[in-house]
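In what follows, a structure is listed as structure tokens, so that the remarks can point back to it.
Note that ligands are numbered from 1 as they come in the structure, with each ligand's atoms numbered from 1 the same way. This chain uses plain numbering: 1 for the first residue, then up along the sequence.
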Amino acid sequence: MKTSVIGFPRIGKNRELKFASERYFKNEINETVLEGVAKELRTYGLQKQKEAGISFISSNDFSFYDNVLDTAFLFNVVPARYKELGLSELGTYFALARGYQGEEGNVKALALKKWFNTNYHYLVPEIDDDTEIKLVGDKPIKEYKEAKELGIETKTSLIGPFTFLKLAKYTGAKKAEDFSEKLTAEYIKLISALGEAGAEWIQFEEPYLVRDIDEKNLSLFKKIYEAILGDKGNVKILLQTYFGDIRDVYDEVTALSFDGIGLDFIEGRKTLELLKTKGFPKDKLLFAGVVNGKNIWKNNYAKTLDLLKEIKGIVPANEDGSSNVVVGTSCSLLLVPYTLESETKLSEDYTKHFAFAEEKLVELSELSKLSDYADKSNVAAIDTFKKNQALFTGRVNSRDDAVLNRVANISDSDYTRLPEFNEREKLQKARLGLPLFPTTTIGSFPQTADVRKNRQLFRKGEITRDEYISFNKNKIKECIALQEEIGLDVIVHGEFERNDMVEYFGEHLSGYVFTEKAWVQSYGTRCVKPPIIWGDVSRKEPITVEWSKYAKSCTDKPVKGMLTGPVTILNWSFPREDISIKESTLQIALAIRDEVLDLEANGIDIIQIDEAALREKLPLRKSDWYSEYLDWAIPAFRLVHSGVKPETQIHTHMCYSEFTDIIPAIDAMDADVITFEASRSDLQILDSLKENNFKTEVGPGVYDIHSPRVPSVDEIVTALTKMRDKIEDSKLWVNPDCGLKTRGDVETKASLINLVEAAKIIRNTPV
Ligand code: GLN
Ligand code: ZN
């Protein structure tokens, strides 16, 4: 059997691309040097795949920033304001990606959005009514030829025109349909140029097909691909889908004359069923995504071989008996780290259970061989199989009976906080005695160089624990004095002890494992290193209690305790595969519940439980939203706080205000106050709150903390005035839209002074 990889990581084992790009941005290296680093990284990936014997290797999966941006750039989808800067080609490219400030002009970057249900972000192409779509670049051809020179025949990876058009933002009256013909024609030119360069296969990536597809979108898709397939010459076209199944379009896709179809058997819950009930056409390759491109666990060969056997039984073989099934990854390997070889500190007891990108290449090749054998002989006797299966007979320290018992004993009432919100609201108002429009922040204060230095020194063992703690306590004291001076009503401690809102908690939980170099690209040069949920999770020790207690001792004002919620902790970790993510989340919820109760017992009357990433794992199909996710994720959040007294006020915070469509679910989290990012959106969420009779008190962010700009008092008053139209005065809070950790001290103070001033003005302004 043949093997295929959809795409390979590109940031570099040691984040070489990140560091080189950052040096390029600072003018420390020129374009040629940067291009040199890029070429080395591409070569490395291609050669690794070649060594592993992968049959279908992608080229053009490299990107200096993002593949969707590359596609926009390739087809001249570049708004005039960027072209007008008159920069070099690469300069313009990075201006789109990162914005530009200089003599030539001042432009913001394109919008950044989450790539489907992942924590990778793409740049949203912007199409104006007069955008002239035209093939203006040759990146795919150059990278095809570059691979060829290394002796590697590749399939060219392209974001497909349908997904591209669906992800773009249209600033004028024209929509996707108005541009599809022209874009299709330009893709056809690209196909023919690739064909001339010798390309045999092109991989059209169309992940948008795994969403709900209506008639209109279906006809757009068909129109595009009928044209492409009718005019593709000798080049073979693989339609590659991922992140789910294509239940709405399976019939149409299989009826078209694609040479190969790539389906996801990992996240595509219905993929196998579709295959079984509808069959698969003759003379086409099925690229079967059976090796998980998103997670880091070893593949279970017994299960996968059974699956492959079933698939092979359905997909018609060739006349010579050879199979038309290709063993592949479920999505690009971009979403996992490079290699376990970089993990020198983690014991083999752990690492032997993991497969990062390079180890997954080996899995593909082993699976293809084993599957071939399986057709003839007894696989169970083969060494690679036996070794693999030994990993699935139990893992060291992964299960914890006490945790299992606790989860099993959760009762319905544990998911419900009593008394009901209205009652609690009264009690809390009486107890806290806050003014109307209370002012607060989201938690973190600037993580200045000294704060990071202190943490680093402690980690390296260069200062003692006491020194580390006393530095932070000093910071807390100063931070509180500052907030009192500014006149904020609800005080925070500033979060100086955390670098990351998930890693910090993970480090205090049993069941977590941390890597050294397992970086994954999140956007552009930004990488994240998600911790791994290894086993059953419980709280090892109180986590934040000492810091919050100390903060409380510094002030008479209410201090808000700061925690990260279970759904966010889960969503920003690599989850287990041997139990459901629901079960893991409940375990984490119980651990955080312990912390909540400890904070309360230590006199903290307000506790914020952040769920910044709540939306991240929302299924791509609306019909699955509740049944597959919200129906357990929201109760898991409630489990964290249902045990507190009625007078204790529970806050939560969410980033990315894209939750207009799940307002009832947010209200069902049953927090007392929610703050969220709103300043960059058009405040349309406020209408939705009103329509849905949102009961929870709200603090829609009044200014954007992602920029160093100081908002004026007027501007904040205007924002608050708009909010008062839709939200009752008694429910409105005043706060920035996210934590301040990435900001500097000076702008933070100036902004918060204006925020408090604006709140005072509003208090004296009747509606
Ligand atoms: N409490 C966190 C902070 O203030 C929240 C961060 C976030 O929402 N991403 O930094
Ligand atoms: Zn936030």
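- Contacts between Met654 and ligand 1, counted as non-hydrogen atom pairs separated by less than 4.0 Å, are absent for every part of the residue.
- Between Lys114 and Glu616 there is a salt bridge, since at least one side-chain N of the basic residue sits less than 4.0 Å from a carboxylate O of the acidic one.
- A salt bridge between Lys429 and Asp672 is absent, with no side-chain N of the basic residue lying under 4.0 Å from a carboxylate O of the acidic one.
- With hydrogens left out, the protein atom closest to atom 3 (C) of ligand 1 is Ser444 OG, 3.3 Å, a heavy atom.
- Remark: ligand 1 and Glu495 share an N or O pair separated by less than 3.5 Å (distance only, no angle test).
- Ionic pairing of Glu425 and Lys731 is present here: one or more N-O contacts between side-chain nitrogen and carboxylate oxygen are shorter than 4.0 angstrom.
- Close contacts of ligand 1 with Ala612, meaning ligand atoms under 4.0 Å from a residue heavy atom, involve 8 (O), 9 (N).
- Residue Gly443 has at least one heavy-atom neighbour below 4.0 Å for each of these atoms of ligand 1: 4 (O).
- Of all non-hydrogen atoms in Gly561 and Ile604, the two that sit nearest each other are N-CG2, 3.6 Å.
- Atom numbering of ligand 1 starts at 1 in the shown order; those under 4.0 Å from a heavy atom of Cys655 are 7 (C), 8 (O), 9 (N).
- In terms of polar-atom proximity, Ile442 is counted as a contact of ligand 1, with an N or O under 3.5 Å from an N or O of the ligand.
- Each of the following atoms of ligand 1 lies closer than 4.0 Å to a heavy atom of Gly739: 3 (C), 4 (O), 10 (O).
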Practice task
Determine, step by step, whether Phe676 and Phe659 satisfy the ring pair (Phe, Tyr, Trp, His ring centres under 6.0 Å) criterion, reporting the C-alpha distance in whole Å, the side-chain angles of both residues, the deciding distance to 0.1 Å, and the verdict.
Solution key: CA-CA 10 Å; Phe676 55 83; Phe659 46 76; 5.2 Å; yes
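- Closest protein heavy atom to atom 6 (C) of ligand 1: Met501 SD, 3.5 Å.
- Looking only at protein heavy atoms, the nearest one to atom 1 (N) of ligand 1 is Asp610 OD2, 2.6 Å.
- A donor and an acceptor atom, one from each side chain of Asp667 and Thr696, are located under 3.5 Å apart.
- Which parts of ligand 1 touch His653 is read off a 4.0 Å heavy-atom cut-off, strictly below it: atoms 8 (O).
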Problem - Audit row: Tyr512, Ser573, side-chain hydrogen bond (donor to acceptor under 3.5 Å, both in side chains) steps and yes/no - result: CA-CA 9 Å; Tyr512 261 90; Ser573 309; 2.8 Å; yes
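- The residues Glu495 and Lys741 are annotated as not salt-bridged, no charged nitrogen and carboxylate oxygen being separated by less than 4.0 angstrom.
- Here the angle centred on the Zn ion (ligand 2), running from NE2 of His653 over to SG of Cys655, is 120°, rounded to 10°.
- Heavy-atom contacts of Cys738 reach the following atoms of ligand 1: 7 (C), 8 (O), 9 (N) (cutoff under 4.0 Å).
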